[in-house]
Number of protein chains: 2
Amino acid sequence: MTQQIAERRPRLNRDRVLQAAVALADEVGIGPLSMRRLAQELDVVPMALYKHVANKEELLDGMVDVVIGEIDPPVAGADWKSMVRLRVLSARRVLQRHQWARRVLETRTNPTPAVLGYMDSFIGMFFAGGFSVDLTHHVMHAIGSRMWGFTQELFDATATSDGDAPAPVAPEVQAAMYQEMSANYPNVLQVATAASHDDGSVVGSGCDDQFEFEFALDLLLDGIERLHQLQWVSSEHPSL
Amino acid sequence: MTQQIAERRPRLNRDRVLQAAVALADEVGIGPLSMRRLAQELDVVPMALYKHVANKEELLDGMVDVVIGEIDPPVAGADWKSMVRLRVLSARRVLQRHQWARRVLETRTNPTPAVLGYMDSFIGMFFAGGFSVDLTHHVMHAIGSRMWGFTQELFDATATSDGDAPAPVAPEVQAAMYQEMSANYPNVLQVATAASHDDGSVVGSGCDDQFEFEFALDLLLDGIERLHQLQWVSSEHPSL
DNA sequence: ACCTGAACACCGTTCAAGT
DNA sequence: ACCTGAACACCGTTCAAGT
């Protein structure tokens with residue numbers, strides 16, 4: 001009898017905890033994800049989680065590992081540039097499915113095995129392309145978070161803190177914003193309106209995130225290719 | 001008499017709150033900065049702060065504004081490339097004095113006037129250099145957080161979460177780490193050792209952050225210069 | 001071996017009251 | 001006009017106890 005009831009809630013284990021945490025974060029965002037809330041979701045008392053995860057930091061580490069596991073492995077038999085490009089765009093798709101993951105990734109203080117594994121195979125793509133260790137090192141820094149398929153966009157319109165849809169702005173408020181912008185930030189306004197001339201909003205970001213991401217990625221990849229062809233070495237510190 | 005005592009603790013105002021918050025964050029880090037702790041530092045009950053700052057988010061906004069105020073204005077009469085470069089490096093010095101500011105900046109959900117002002121004058125440097133609105137827009141995205149003098153470095157060794165110095169690693173632990181790295185992450189190890197061959201550590205980042213920052217910055221600036229010279233326009237979407 | 005309950009030391013913020 | 005005190009609804013985590 002009690003066994004029957006127990007079966008309706010299978011034994012907790014690390015994996016079930018992590019999967020539930022990822023699902024919960026996907027649903028409600030990272031802010032409301034607390035140990036207590038997660039426990040509740042699993043029909044368990046908060047302290048039960050601590051048998052499977054040392055503390056909240058380790059929970060977040062585990063969640064990151066789950067997400068990284070979803071990134072495609074490198075495609076075989078292509079040149080380094082397309083391998084890198086495709087991998088980055090795959091990572092991007094994954095991180096976009098788990099909006100919270102970007103921020104959590106940024107707050108990890110030391111890399112988990114999954115993170116190191118990803119970096120290792122990423123570096124391997126440059127090595128396979130004949131890059132020197134030296135150039136590869138600098139290139140990894142230059143690519144930075146783009147390696148994970150995102151860039152640090154301050155104030156990206158899609159990322160509201162509470163996970164709600166952006167609040168609709170009343171027309172008169174929009175007009176007032178426009179006034180203030182044109183008086184104080186004419187350059188910002190010019191760029192913003194040019195970027196969103198085909199959608200209705202004035203200050204909202206009407207620009208194509210994916211295009212911007214690829215623009216910057218290709219700018220970097222082309223620069224990197226040039227350095228590689230020139231057999232650039234850092235010890236000489238020449239102008240690029 | 002009571003007036004005498006009151007003079008030893010001058011009236012609170014918004015500026016005093018923000019200055020104290022910045023000083024406290026500089027000292028103890030952003031984690032321990034709570035409304036309660038800040039109030040204590042100001043010899044005041046927590047709720048007293050709420051007369052000068054609507055809530056904690058607004059406090060953080062204000063702190064960001066204080067920091068941005070320390071960035072040098074653009075130097076006059078130089079070409080766009082050196083103007084941008086110098087400004088970014090000035091921002092970098094400021095953000096390095098206030099280590100917490102990077103993370104706080106990243107969590108702002110909508111820009112404060114100081115942020116908009118900085119962006120506006122940043123965009124102005126490209127306009128003054130003859131850039132089209134279109135190219136300027138994409139360039140701003142590509143530069144991203146580098147505009148503020150930092151890049152999103154996951155796991156940078158200087159940023160421990162608690163603000164303590166990195167824990168010293170016992171030699172035998174270091175040896176074990178080396179073993180594990182060479183077995184599982186040979187590429188990471190190769191890059192890491194090459195970068196730190198002149199300092200003692202094996203896995204610690206012995207690389208020159210400033211060099212890496214400028215490497216990536218110049219890679220971008222050179223690519224941007226090339227596009228500008230070619231009068232690149234996004235509507236044609238040519239290969240870069 | 002795994003889960004529970006009660007407790008501790010924190011948060012940000014509200015409300016009504018004091019001066 | 002500004003500051004206070006008590007309270008509320010949350011946190012992560014400890015410890016000792018249950019099964």
Side-chain angles (χ1 to χ4, degrees), chain A residues 1-21 24-25 28-64 100 103-104 107-109 161-164, chain B residues 1-21 24-25 28-64 100 103-104 107-109 161-164:
Chain A
M1 183 69 136
T2 49
Q3 216 161 348
Q4 281 275 62
I5 290 166
E7 264 175 340
R8 296 185 8 97
R9 195 190 76 199
R11 261 279 199 61
L12 227 50
N13 58 44
R14 192 165 203 273
D15 207 59
R16 248 172 55 77
V17 170
L18 296 183
Q19 295 297 341
L24 185 55
V28 302
I30 200 67
L33 181 96
S34 64
M35 297 298 277
R36 296 171 115 107
R37 173 86 186 256
L38 175 58
Q40 184 183 294
E41 214 76 14
L42 286 162
D43 262 320
V44 116
V45 92
M47 281 315 299
L49 301 176
Y50 286 79
K51 266 271 120 61
H52 305 100
V53 128
N55 49 39
K56 193 175 183 183
E57 282 297 289
E58 205 190 283
L59 175 75
L60 294 172
D61 283 347
M63 291 170 69
V64 164
W100 49 270
R103 196 154 296 273
V104 173
T107 61
R108 298 309 78 208
T109 48
S161 60
D162 43 19
D164 291 341
Chain B
M1 183 67 137
T2 49
Q3 215 161 351
Q4 280 274 60
I5 290 166
E7 263 176 341
R8 295 183 11 94
R9 196 192 74 200
R11 263 278 199 63
L12 228 49
N13 58 45
R14 190 163 205 275
D15 207 59
R16 249 171 56 75
V17 170
L18 296 183
Q19 294 297 341
L24 184 55
V28 303
I30 200 66
L33 181 96
S34 64
M35 297 298 277
R36 295 171 116 107
R37 173 86 185 257
L38 175 58
Q40 184 182 294
E41 214 76 14
L42 287 162
D43 262 320
V44 115
V45 93
M47 280 317 298
L49 301 175
Y50 286 79
K51 266 273 121 61
H52 304 99
V53 128
N55 49 39
K56 194 175 183 184
E57 282 297 289
E58 205 190 284
L59 175 75
L60 294 172
D61 283 347
M63 292 170 69
V64 164
W100 49 270
R103 196 154 295 274
V104 174
T107 61
R108 296 311 78 208
T109 47
S161 60
D162 43 19
D164 292 341

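Order of the sequence lines sets the chain letters (A, B, ...), proteins ahead of strands, with each chain counted from 1. Everything numeric here is computed off the predicted structure, so don't read it as measured data.
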Testing the basics here: between A/G29 and A/P32, what is the closest heavy-atom pair and its distance to 0.1 Å?
O-CD, 3.5 Å
If you only use heavy atoms from C-beta on, which nucleotide in D/dG12, D/dG5, C/dG5 is closest to the side chain of A/K56?
D/dG12
Please report the distance, rounded to the nearest Å, between CG in B/L38 and C1' in C/dG12.
13 Å
Heavy-atom nearest pair, B/L59 first then B/A21, reads CD1-CB, 3.9 Å
Starting at atom CD of B/Q40, determine the distance to atom P of C/dG12, rounded to an integer number of angstrom.
12 Å
Spacing between B/L42 atom CG and D/dC3 atom P, to the nearest angstrom:
10 Å
Tell me: CZ of B/R36 to P of D/dG5, nearest whole Å?
13 Å
Atom pairs and distances, donor-acceptor, side-chain atoms in residues 47-56 of chain A, under 3.5 Å, two or more places apart:
from, atom 1, to, atom 2, distance (Å)
A/H52, NE2, A/L12, O, 3.3
A/N55, OD1, A/E57, N, 3.3
A/N55, OD1, A/E58, N, 3.1
A/K56, NZ, A/L33, O, 2.9

With rounding to the nearest 0.5 angstrom, report the CE to CD1 distance, A/M63 to A/I30.
4.5 Å
About how many Å separate CZ of A/R37 and CG of A/L42, when rounded to the nearest 0.5 Å?
12.0 Å
N/O contacts under 3.5 Å, protein versus nucleotides 17-19 of chain D?
none

Here the pair of heavy atoms bringing A/R16 nearest to A/R11 is NE-O, 3.4 Å
Within this structure, what is the CE-to-P distance between B/M35 and C/dT14, rounded to whole angstrom?
10 Å
List in numerical order all residues of residues 47-55 of chain B for which some heavy atom is under 4.0 Å away from an atom belonging to DNA chain D.
B/M47, B/A48, B/K51, B/H52
All stems that DNA chain D takes part in, i.e. 3 or more consecutive Watson-Crick or G-U pairs with distances under 3.5 Å, are C:4-8 with D:12-16, C:12-16 with D:4-8
Using the test side-chain contact (heavy atoms from CB on, under 4.5 Å), find all partners of A/Q19 that sit at least two apart in sequence or belong to another chain.
A/D15, A/V66
Whole-Å gap separating P (C/dC2) and CZ (A/R11):
6 Å
Distance check needed: D/dC3 C1' versus B/D43 CG, whole Å only.
13 Å
What is the distance from CZ of A/R16 to C1' of C/dC3, rounded to the nearest Å?
14 Å
Side-chain heavy-atom pair A/R36, A/P46 within 4.5 angstrom cut-off:
yes
